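For reference, the structure is listed below as structure tokens.
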Amino acid sequence: AQLKEYKIIEPDRKNILKEWEKSLQFNDRFCGLYRFFEQPFQQALEEVILKKISKRELVEIISRNRADLVLNDKTRKNIEKLLHMGELKLKIHEEAETFFSDNSFAEYVSNEYGLPLNIIGAMRKNELKSAMAGKMIVTEAELRKRLGGCVIMQENNKWNLHTGEKFIYWRNKLRNMSDEVSGDVAFPGIAKGKVVIHMSWTGITEIEDGDVLVTSMTNPQMIPMLKKASAIVTDEGGITCHAAIISRELKKPCIVGTKNATQVLKNGDMVEVDAENGVVRILEKEGENVNLKN
């Protein structure tokens with residue numbers, strides 16, 4: 001109910017920090033609720049079900065919405081619970097749209113310092129809070145470097161953000177580790193296409209019919225993009241996540257929970273999405289005229 005009733009505020013110098021703290025608390029409550037459906041409850045339920053049937057059978061049953069085909073009463077009831085959790089999660093996505101499309105805090109800082117919104121989007125939480133309080137503790141040059149590529153790593157029990165040479169090193173190391181990524185099949189099928197990576201909750205990325213959409217996780221605002229895609233690949237999620245539910249509605253091959261697809265794959269890569277075996281193979285890397293697979 002709170003998500004559905006959320007109203008975008010108009011921050012000013014008097015209320016900005018107070019409203020920011022309220023927003024952070026609201027975000028924590030939302031994430032706690034969302035994680036309940038994603039982790040650990042959903043996975044625990046999946047593991048119980050998978051002791052009785054195979055993952056391929058489970059995906060087929062969910063894709064057809066035919067839990068009634070399962071003869072074992074307990075397993076059938078567990079699958080019905082899993083389907084219900086998927087419906088609730090989809091509802092949470094839809095009702096969270098207003099909250100996650102609220103750019104009022106970033107717009108306030110943008111107007112105060114005369115910086116484009118995408119620059120503000122490269123700030124870390126403490127940097128944004130400081131800017132709202134009237135003190136910019138990060139340079140515009142540093143923020144622009146982050147937009148060119150950055151990596152956040154845990155070092156000596158502290159999360160550090162690196163750009164420049166360190167980012168290039170880790171990006172190349174990750175991309176050279178493998179010519180494929182793997183995850184869970186959400187809807188079966190095989191498709192080939194050019195990778196389009198989308199990393200924004202509210203923004204729109206240009207996509208052509210037949211492209212393969214690669215993202216951290218989908219949301220309702222991405223439906224027009226999902227309809228154009230030949231296949232969907234996500235970093236996060238299980239077989240009842242938003243991407244999985246939508247892929248079954250659209251009947252499009254979908255692999256979820258790869259953990260690193262948005263890091264290993266690159267815009268323009270030609271890939272094969274094998275959503276029979278849960279593997280995305282790079283056929284040709286962007287900018288290279290040599291096939292990696294015959």
Side-chain angles (χ1 to χ4, degrees), residues 1-38 88-154 158-163 167 197-206 215-225 234-237 241-242 262:
Q2 289 178 314
L3 283 170
K4 196 170 185 178
E5 295 168 4
Y6 180 83
K7 303 294 183 184
I8 296 177
I9 57 99
E10 294 184 10
D12 55 40
R13 293 185 181 182
K14 293 182 179 179
N15 72 2
I16 183 72
L17 291 177
K18 181 180 177 181
E19 293 297 335
W20 171 248
E21 292 298 332
K22 285 169 58 178
S23 176
L24 291 180
Q25 292 173 11
F26 193 77
N27 182 72
D28 288 343
R29 291 200 299 272
F30 165 77
C31 290
L33 176 65
Y34 192 84
R35 282 195 298 268
F36 174 79
F37 288 107
E38 190 71 51
L88 291 174
K89 196 183 301 182
L90 194 62
K91 186 175 178 61
I92 291 172
H93 266 276
E94 292 169 348
E95 294 186 351
E97 263 195 273
T98 301
F99 176 64
F100 278 99
S101 61
D102 182 2
N103 282 329
S104 54
F105 298 104
E107 288 171 354
Y108 172 86
V109 174
S110 174
N111 292 332
E112 285 290 299
Y113 294 92
L115 295 172
L117 272 176
N118 66 327
I119 296 291
I120 306 302
M123 285 184 175
R124 303 181 77 172
K125 187 165 67 174
N126 67 310
E127 295 166 349
L128 183 61
K129 182 178 180 179
S130 181
M132 287 187 287
K135 184 178 180 182
M136 183 69 77
I137 61 174
V138 60
T139 66
E140 181 178 348
E142 169 60 21
L143 294 174
R144 290 190 180 278
K145 281 175 66 177
R146 293 177 189 176
L147 290 178
C150 60
V151 58
I152 297 178
M153 300 183 61
Q154 190 174 33
K158 180 181 178 182
W159 288 100
N160 295 318
L161 185 151
H162 299 299
T163 58
F167 160 70
I197 294 178
H198 177 76
M199 296 297 288
S200 169
W201 182 280
T202 58
I204 298 296
T205 300
E206 290 296 323
T215 184
S216 178
M217 177 45 64
T218 62
N219 66 67
Q221 293 195 0
M222 293 168 61
I223 298 298
M225 298 168 61
T234 71
D235 287 342
E236 304 171 27
C241 69
H242 181 268
T262 58

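Reckoned from all heavy atoms, side chains included, excluding hydrogens, waters and symmetry mates. As the structure is a computational prediction, the values presented were derived from the model and not from experiment.
Of all non-hydrogen atoms in Lys14 and Asp12, the two that sit nearest each other are N-OD1, 2.9 Å. Across every non-hydrogen atom of Ile223 and Pro220, the tightest pair is CG1-O, 2.9 Å. What you find for Pro116 and Ser110 is that their closest heavy atoms are C-OG, 4.1 Å. Pro11 approaches Ser104 most closely through the heavy-atom pair CG-O, 3.6 Å. Pairing each heavy atom of Ile197 with each of Thr205, the nearest pair is O-CG2, 3.9 Å. In terms of heavy-atom proximity, Val109 sits nearest to Met123 at CG1-CE, 4.3 Å.
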Original post:
Step by step, would you call Thr234 with Thr262 a side chain to side chain contact (heavy atoms under 4.5 Å, CB included)?
Top reply: CA-CA 8 Å; Thr234 71; Thr262 58; over 6 Å; no
**OP:** Start with the C-alpha gap between Asn160 and Ile152, add the side-chain angles, then the distance that decides, and say whether side chain to side chain contact (heavy atoms under 4.5 Å, CB included) holds.
**Re:** CA-CA 5 Å; Asn160 295 318; Ile152 297 178; over 6 Å; no
Subject >> Leu161 and Val151: CA distance, side-chain angles, deciding distance, side chain to side chain contact (heavy atoms under 4.5 Å, CB included) verdict >> reply: CA-CA 6 Å; Leu161 185 151; Val151 58; over 6 Å; no
**OP:** May I have the step-by-step check of side chain to side chain contact (heavy atoms under 4.5 Å, CB included) for Trp159 and Met153, ending in yes or no?
**Re:** CA-CA 5 Å; Trp159 288 100; Met153 300 183 61; 5.6 Å; no
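Taking CG of Asp102 as the reference point, atom CD of Glu19 lies at 10.0 Å (rounded to 0.5 Å). Distance check: His198 NE2 to Gln221 CD gives 8.5 Å after rounding to the nearest 0.5 Å. Here the straight-line distance linking atom CE of Met132 with atom CD1 of Ile16 works out to 5.5 Å at 0.5 Å rounding.
The list of salt bridge (Lys or Arg N to Asp or Glu O under 4.0 Å) pairs with a residue in residues 118-129, not counting sequence neighbours, reads Glu21-Lys129, Glu127-Arg146.
Of the residues listed (Leu115, Asn118, Thr139, Ile119), the one engaging Arg144 in a side-chain contact (heavy atoms from CB on, under 4.5 Å) is Ile119, and it is the only one.
Although no hydrogens or angles enter the test, the distance criterion places no donor-acceptor pair under 3.5 Å between the side chain of Asn111 and the main chain of Tyr108. Of the possible donor and acceptor atoms, one in the side chain of Ser130 sits under 3.5 Å from a partner among the backbone N and O of Lys135. Under a 3.5 Å cut-off, the side chain of Thr163 and the backbone N or O of Cys150 do not form any donor-acceptor pair.
The side-chain heavy atoms of Arg13 and Glu112, taken from C-beta on, include a pair separated by under 4.5 Å. When side chains are defined from C-beta on, Thr215 does not count as touching Asp235, because their heavy atoms never get closer than 4.5 Å.
Annotation: ring-ring contact (aromatic ring centres under 6.0 Å, His included) contacts of Tyr113 (sequence neighbours excluded): none.
Surrounding CD of Gln154 are more than 12 heavy atoms belonging to other residues, nucleotides or ligands, all under 6.0 Å away.
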